[in-house]
Amino acid sequence: MTIGRMENVEVFTSEGKGRSLKATKEFWAADVIFAERAYSAVVFDSLVNFVCHTCFKRQEKLHRCGQCRFAHYCDRTCQKDAWLNHKNECMAIKRYGKAPNENIRLAARIMWRVEREGTGLTDGCLISVDDLQNHVAHFGEEEQKELQLDVDVFLQYWPPQSQQFNIQYISNIFGVINCNGFTLSDQRGLQAVGVGIFPNLGLVNHDCWPNCTVIFNNGKIELRALGKISEGEELTVSYIDFLNVSEERKKQLKKQYYFDCTCEHCQKGLKDDLFLGVKDDPKPSQDVVKEMIQLSKDTLEKIDKARSEGLYHEVVKLCRECLQKQESVFADTNIYMLRMLSIVSEVLSYLQAFEEASYYARRMVDGYMKLYHPNNAQLGMAVMRAGLTNWHAGNIEVGHGMICKAYAILLVTHGPTHPITKDLEAMRVQTEMELRLFRQNEFMYRKMREAALNNQPMQVMAEPSNEPAPALFHKKQ
């Protein structure tokens with residue numbers, strides 16, 4: 001049954017899923033199905049001084065709001081564009097004495113917009129914000145306590161002269177944020193910097209092997225096709241990273257989003273045999289596999305602790321030891337081995353031990369290519385990082401090949417105008433030129449490269465973080 005429509009998509013009722021979106025025409029890989037600006041959005045608490053509160057770009061120098069001293073902007077243009085949404089917030093912060101947490105700030109921004117425009121459909125929206133799923137009825141005891149705390153602080157923060165909403169409505173808005181909050185990333189797509197509500201995106205259901213991806217680009221989200229989508233086909237995105245066995249993905253989805261995943265990959269356990277792959281010759285016993293999984297889990301805990309304390313050489317030591325033991329038991333697609341390879345290649349790159357890092361990065365990419373959808377954004381980013389690591393190590397042929405592969409993926413997932421795709425295109429051109437020189441005269445290439453690196457500061461990899469790559473949807477921890 002069709003409920004509402006706009007160009008390219010329409011809302012329908014999907015059996016067992018409720019409201020969903022389907023395509024009204026055929027799409028191909030890299031097509032933008034729709035773009036949407038946030039109904040409301042805020043910067044994360046930890047980054048309020050480093051990210052523009054309007055365009056969500058990270059900047060060295062930001063202008064601070066002279067009234068509340070809380071909001072930060074790139075320039076006068078961003079400050080002026082923000083005033084409609086910041087005006088009430090500015091006065092509320094001054095009155096309350098400080099800015100509350102990001103959830104409360106986002107709830108308040110949503111309700112000030114509802115106050116201005118009413119609860120009906122806003123221009124270009126297929127669903128009103130308060131009609132989105134909130135799942136408050138499914139909250140556990142701990143979530144109910146957190147919700148109550150947020151509501152209590154909200155009531156103190158909310159100005160008496162603003163429209164007054166009842167407790168149930170306020171609770172529902174917090175539930176909407178909990179279930180539909182979309183992670184906003186910085187201009188290069190590398191760091192999660194904020195959370196926003198996009199009502200149309202909230203109608204796109206989950207599939208572990210989806211036909212669409214979502215990217216935040218230049219102030220709006222884009223729903224992009226990953227391959228051919230037929231007219232009338234349901235549009236899906238993945239709410240979580242695919243790189244886990246089906247049972248674990250189902251548990252995560254149930255815990256965070258309150259539904260049982262019935263996608264084909266979960267129902268049939270597709271790729272689970274690869275995720276838990278073991279050596280064929282000789283095949284290890286079940287007891288040996290069980291022991292190795294436990295050892296891997298214990299090592300990952302030790303690694304998390306060492307990373308949080310900045311003990312990166314200890315992280316490398318733990319990874320090397322664990323990988324050595326895993327070699328005789330796990331296949332190259334085993335998720336426990338891939339997690340070790342990912343961590344050790346990232347940390348070694350940060351420590352500028354590029355030669356060793358490049359070896360582990362190549363092995364990681366080989367495993368990922370057998371597991372991920374060929375146009376998966378996280379695969380593209382991993383291949384890009386591996387390509388850079390190999391370039392730093394002087395493996396120009398491997399590095400260039402990986403950068404080309406990453407560029408092809410990101411053209412689909414991010415599009416040609418995204419800053420990271422543009423960066424990758426520049427790297428592709430540079431490595432192609434270097435590869436040509438390398439093939440003509442390897443000795444001359446090595447000499448020129450050495451001179452160039454001596455004259456230019458080495459591009460240092462970002463400090464490894466315990467935070468995973470930005471997830472599509474933001475969940476309150």
Side-chain angles (χ1 to χ4, degrees), residues 190 241-243 271 274-280 296 299-300 303 312-313 315-410 413 420 423-424 427-428 430-432 434-435 438-439 442 445-446 449 453 458-462 464 468-469:
L190 298 175
D241 185 17
F242 176 66
L243 217 65
K271 296 194 184 263
L274 292 175
F275 285 135
L276 297 175
V278 296
K279 292 281 185 196
D280 273 335
S296 303
T299 304
L300 284 166
I303 286 168
Y312 298 124
H313 289 283
V315 170
V316 171
K317 181 171 168 282
L318 286 164
C319 287
R320 281 188 192 131
E321 287 170 359
C322 191
L323 280 164
Q324 206 173 359
K325 290 169 183 168
Q326 288 176 341
E327 297 287 354
S328 60
V329 179
F330 291 155
D332 62 354
T333 56
N334 188 288
I335 47 173
Y336 293 104
M337 184 175 270
L338 288 172
R339 281 169 193 164
M340 288 297 158
L341 291 169
S342 172
I343 294 164
V344 76
S345 60
E346 182 194 5
V347 174
L348 283 167
S349 292
Y350 173 68
L351 296 172
Q352 297 191 22
F354 293 115
E355 201 165 323
E356 189 183 356
S358 68
Y359 164 69
Y360 291 125
R362 287 196 299 275
R363 288 179 59 193
M364 175 191 77
V365 165
D366 287 346
Y368 281 0
M369 298 286 265
K370 294 170 188 170
L371 296 169
Y372 274 120
H373 184 290
N375 285 332
N376 180 286
Q378 281 164 302
L379 172 64
M381 297 296 279
V383 176
M384 179 188 78
R385 284 192 292 269
L388 275 175
T389 299
N390 275 273
W391 176 82
H392 275 290
N395 305 327
I396 184 63
E397 289 178 295
V398 175
H400 176 68
M402 285 183 171
I403 284 166
C404 288
K405 176 68 184 166
Y407 181 63
I409 297 170
L410 264 61
T413 60
I420 203 144
D423 286 352
L424 205 44
M427 288 176 217
R428 189 183 68 81
Q430 183 187 332
T431 54
E432 191 175 323
E434 289 185 25
L435 183 58
F438 172 81
R439 284 174 175 163
E442 185 179 340
Y445 166 74
R446 299 281 180 207
R449 179 185 166 85
L453 290 175
M458 179 73 81
Q459 181 190 335
V460 178
M461 297 290 182

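The first residue in the sequence is number 1, and the count goes up from there.
- The minimum heavy-atom distance between W391 and E434, with the atom names listed, is NE1-OE1, 2.9 Å.
- A salt bridge (charged side-chain N to carboxylate O under 4.0 Å, His left out) check over residues 375-384, counting only residues at least two apart or in different chains, returns nothing.
- When all heavy atoms are compared, the tightest approach of M402 to N390 is SD-ND2, 3.9 Å.
- Heavy atoms only, all atoms of each residue included: L379 and H373 are closest at CD2-O, 3.7 Å.
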Check: residues 332-340 side-chain donor-acceptor pairs under 3.5 Å, at least two apart:
| unit_1 | atom_1 | unit_2 | atom_2 | d |
| --- | --- | --- | --- | --- |
| D332 | OD2 | K370 | NZ | 2.8 |
| T333 | OG1 | L274 | O | 2.7 |
| N334 | OD1 | Y336 | N | 2.9 |
| N334 | ND2 | G277 | O | 3.0 |

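- With sequence neighbours left out, E327 forms a side-chain hydrogen bond (donor to acceptor under 3.5 Å, both in side chains) with R363.
- Applying the salt bridge (charged side-chain N to carboxylate O under 4.0 Å, His left out) criterion to K317, with sequence neighbours excluded, gives E321.
- Here the CG atom belonging to L424 is positioned 8.5 Å from the OG1 atom belonging to T431, to the nearest 0.5 angstrom.
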Intermediate values then yes/no, side-chain contact (heavy atoms from CB on, under 4.5 Å), I420 and M384: CA-CA 10 Å; I420 203 144; M384 179 188 78; 3.9 Å; yes
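- To the nearest 0.5 Å, atoms CZ (R385) and CE (M364) are separated by 7.0 Å.
- Legend: residues meeting ring pair (Phe, Tyr, Trp, His ring centres under 6.0 Å) with F438, ordered by chain and number and at least two apart, are Y445.
- Scanning both residues, S345 and A361, for their nearest heavy atoms gives CB-N, 3.8 Å.
- Contacts of Y368 classified as ring pair (Phe, Tyr, Trp, His ring centres under 6.0 Å), with partners at least two apart in sequence or in another chain: Y372.
- Legend: residues meeting side-chain hydrogen bond (donor to acceptor under 3.5 Å, both in side chains) with R439, ordered by chain and number and at least two apart, are absent.
- Under the rule for a side chain to side chain contact (heavy atoms under 4.5 Å, CB included), the partners of T413 that lie at least two apart in sequence or sit in another chain are T213, L226, A377, I409, L410.
- Using a 4.5 Å heavy-atom threshold, the side chains of Y360 and C319 count as separate.
- Evaluation of the side chain to side chain contact (heavy atoms under 4.5 Å, CB included) rule for A393 yields F354, S358, N395 as partners, not counting sequence neighbours.
- The minimum heavy-atom distance linking V365 with A386 is given by the pair CG2-CB, 3.5 Å.
- E355 is linked by a side chain to side chain contact (heavy atoms under 4.5 Å, CB included) to nothing, counting only residues two or more places apart in sequence or in another chain.
- Listed by chain and residue number, nothing satisfies the salt bridge (charged side-chain N to carboxylate O under 4.0 Å, His left out) test with R362 (two or more places apart in sequence, or in another chain).
- Contact record, R449 with H392: NH2-O, 3.1 Å, taken as the closest heavy-atom pair.
- With V315 as reference, I343 is the one residue of L348, I343, L351, V344 to meet the side chain to side chain contact (heavy atoms under 4.5 Å, CB included) rule.
- Judged as a side chain to side chain contact (heavy atoms under 4.5 Å, CB included), and not counting sequence neighbours, the contacts of D423 are R188, M427.
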